[in-house]
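Just so it is clear: chains get the letters A, B, ... in the order the sequence lines come, proteins before strands, and each one is counted from 1.
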Protein chains: 2
Amino acid sequence: MVARRGRRNGAEVPFDADNAPTAEMPAVTDADPVVRAKSIPEAAVARLAVYLRVLSAMAEQGSTTVASEELAAAAGVNSAKLRKDLSYLGSYGTRGVGYDVQVLVGQIERTLGLTRQHKVAVVGIGNLGHALANYGGFPGRGFPVEALFDVDADLMGVPVGGIPVSHLDDIPKVCAERGISIGVIATPPTAAQSVCDRLVAGGVQCILNFAPVVLQVPEHIEVRKVDLAVELQILSFHVARRADETKGSHPVGNGMVVR
Amino acid sequence: MVARRGRRNGAEVPFDADNAPTAEMPAVTDADPVVRAKSIPEAAVARLAVYLRVLSAMAEQGSTTVASEELAAAAGVNSAKLRKDLSYLGSYGTRGVGYDVQVLVGQIERTLGLTRQHKVAVVGIGNLGHALANYGGFPGRGFPVEALFDVDADLMGVPVGGIPVSHLDDIPKVCAERGISIGVIATPPTAAQSVCDRLVAGGVQCILNFAPVVLQVPEHIEVRKVDLAVELQILSFHVARRADETKGSHPVGNGMVVR
DNA sequence: ACATGTGAAATGGTTCACAGCT
DNA sequence: AGCTGTGAACCATTTCACATGT
């Protein structure tokens, strides 16, 4: 049987062709909100979000400029990496001085597409879904929760965090009507794939999946997974590895049986 | 022996052969226990957890053997990567045939350190903490929640998911007493660092952090972060990038294929 | 025939270290 | 004098492709 190649998240797009040797003059139109997302490494994108939070906190504290060394420490990365990451945005620092906090916040927001709103739908109003719905417009505006879904008849119409719960069957219709762009799946694993399909049918472009299943989606859909069990198991691995290492005092720990 | 899997996806309850010393993996134990665990790439570890879940589901459905192609499709990766990942465990496949599901489950469990228990403490019993506490022994036993903490006086002593809530101040003492090895932080960001410090003082080795802050920890502590805002912002980035691409800037015959 | 296991190549990401600007 | 921006070295991970074993 020919397994239908399932692609999941991590859709790394080709493109690039930039980085011409010594040719440095993209002459990027500043005010141009588009034309930017050239080829920022996936890994760097995740860190930009972290820098943004740290910078926002600094701005609140009154900082106006910050050096790569300082920002890096606060974000938990080394300064070379931070500078490299910021360089993907363009050159917004001042040599000998550092970066202007406000400018950086603005540039990162623009790059991450935070200048527009992304309406969110949460599916599965159990413990987790409830927590998510009450998060109320996730990270300070920008991600308003505009639709909630569940199967439980008792929840229909009941407002959670201000939004009335609708039925799973209405996902396509409601998502399309409200222009939902991000769907959050917080259902039991058995329902996840079907919910995913309906979200896609409703025009959702991205999915944040909390259910422990590997979703199959069309390739234009971006999926990110948050998996508690996987996280714990990774930690478990490290605990085990550490315990084993402790058994040996030399390079290649050669302890014996696992306990 | 043949682990009787929990139930269906009801909770993705995987494995854990209670005490494995007697089951299908004792023979291997004296061969080369965990020495190899030293060199498994971090990225592969995360995927092993996924394979494990898929394999558990397959075992429940009665599959006894599986080919890399099939398992890869179910796990959402390509077969070459899957085989490479499994090769880090040792050679447990049969050329021309595939892998024995049970054997693989056993080997992955052993490698991830799932043959021992990892007691978990959840700090911050708000919406999220509540959801986590009720998860009840996370991935089907193996990660029993044995302590809960919060600051709210009204919660002291109140049992949540069977465990009474203690005060944050008692984190070091209680964690040490109960032998907690994994701490889960589900508090507001302002409290996170202080909670983290107390968990470390209490002897926990790993921390799973849901609070949107970069924790500072001694280097022997393993920290993993689950950050909702970051996940959403990454998705936002992709939505924006896609929107920009659509604006069609270069009629390159490049199309927009991913892959 | 068929599917694993694995060197080797390719790709992606990180760190170094220093030229270049303020 | 100080700090950014970035080629180039370096390391990690993925993919290729085929020898190997059943």
Side-chain angles (χ1 to χ4, degrees), chain A residues 1-3 5 7-26 28 38-48 50-51 55 63-73 75-101 103-104 107 234, chain B residues 32 36 38-48 50-51 63-73 75-101 103-104 107 234 258-259:
Chain A
M1 35 211 88
V2 185
R5 171 112 292 141
R7 104 238 95 295
R8 67 240 88 346
N9 47 348
E12 185 60 297
V13 173
F15 261 161
D16 134 319
D18 183 60
N19 293 358
T22 60
E24 139 77 68
M25 45 121 282
V28 178
K38 280 183 297 189
S39 54
I40 301 182
E42 184 71 22
V45 172
R47 288 189 299 266
L48 285 175
V50 174
Y51 304 155
L55 285 165
S63 304
T64 56
T65 63
V66 63
S68 63
E69 205 65 65
E70 185 187 354
L71 180 51
V77 302
N78 68 41
S79 63
K81 190 188 289 184
L82 176 123
R83 289 199 302 279
K84 177 76 86 178
D85 287 344
L86 294 184
S87 77
Y88 295 124
L89 308 179
S91 293
Y92 297 107
T94 304
R95 293 169 197 243
V97 180
Y99 301 88
D100 179 279
V101 176
V103 170
L104 226 41
Q107 289 306 321
I234 292 172
Chain B
D32 199 356
R36 60 167 126 280
K38 180 179 63 101
S39 56
I40 300 181
E42 182 71 24
V45 173
R47 289 189 297 267
L48 285 175
V50 174
Y51 304 155
S63 304
T64 56
T65 62
V66 64
S68 63
E69 206 64 65
E70 186 186 353
L71 180 51
V77 302
N78 67 43
S79 64
K81 190 188 291 184
L82 177 123
R83 289 200 301 280
K84 178 74 87 177
D85 287 344
L86 293 184
S87 77
Y88 295 124
L89 308 178
S91 292
Y92 298 106
T94 304
R95 292 168 198 246
V97 180
Y99 301 88
D100 180 279
V101 176
V103 169
L104 226 40
Q107 289 306 321
I234 292 171
V258 176
R259 98 148 283 36

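In this structure, Val97(A) and Ala44(A) both approach DNA chain C, and ranking their closest nucleotides by distance from the 5' end singles out Ala44(A). Mapping Lys84(A) and Leu86(B) onto DNA chain C via the closest heavy atom, the residue that lands nearer the 5' end is Leu86(B).
As rounded to whole Å, 10 Å separates atom P of dT4(C) from atom CG of Leu104(B). Distance Leu71(A) CG to dG5(D) P: 12 Å, rounded to the nearest Å. Going from atom CG of Asp85(B) over to atom C1' of dT14(D) covers 10 Å, rounded to whole Å. Spacing between atom OH of Tyr92(B) and atom P of dG21(D) amounts to 18 Å, rounded to whole angstrom units. One can place CD1 of Ile40(B) at 14 Å from P of dG5(C), the figure rounded to the nearest angstrom. In this structure, Glu42(B) atom CD and dC11(D) atom P are separated by 19 Å, rounded to whole Å. Between the CG atom of Leu82(A) and the P atom of dT6(D) there is a distance of 14 Å, rounded to whole Å.
A donor-acceptor contact under 3.5 angstrom links the side-chain atoms of Arg95(A) to the base of dT4(D).
Within the 4.5 Å cutoff, side-chain heavy atoms of Tyr51(A) are placed close to those of Val77(A). You'll find the side chain of Arg83(B) reaches within 4.5 Å of the side chain of Ser79(B), heavy atoms only. Residues Leu89(A) and Leu48(A) have side chains in contact (heavy-atom distance under 4.5 Å, counting atoms from C-beta outward).
Distance from the side chain of Ala43(B) is smallest for dT14(D) among the nucleotides dG20(C), dT14(D), dA3(C). Checking dG5(D), dG5(C), dG7(C) against every side-chain atom of Ser91(A), the shortest atom distance belongs to dG5(D).
Separation of atoms CG (Leu55(A)) and CG (Asp100(A)) is listed at 10.0 Å; rounding is to 0.5 Å.
Put simply, Asn78(A) has no side-chain N or O that comes within less than 4.0 Å of OP1 or OP2 on dT14(C). Phosphate proximity of dT14(C) to Arg47(A): present, with a side-chain N or O under 4.0 Å from OP1 or OP2. Side-chain nitrogen and oxygen atoms of Arg83(B) include none within less than 4.0 Å of the OP1 or OP2 phosphate oxygen of dA17(D). The phosphate of dT22(C) (OP1 or OP2) has no side-chain N or O of Thr94(A) nearer than 4.0 angstrom. Distances shown here put a side-chain N or O of Lys81(B) below 4.0 Å from the OP1 or OP2 atom of dT15(D). Checking the phosphate oxygens (OP1, OP2) of dC3(D), no side-chain nitrogen or oxygen of Ser68(A) falls inside 4.0 Å. Between Tyr99(A) and dT22(C) there is no side-chain polar atom (N or O) within less than 4.0 angstrom of OP1 or OP2. Between Tyr88(B) and dT13(D) there is no side-chain N or O to OP1 or OP2 distance below 4.0 Å.
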Take Tyr99(B) and Leu86(B) through the test side-chain contact (heavy atoms from CB on, under 4.5 Å) and record every step on the way to the result.
-> CA-CA 10 Å; Tyr99(B) 301 88; Leu86(B) 293 184; 3.5 Å; yes

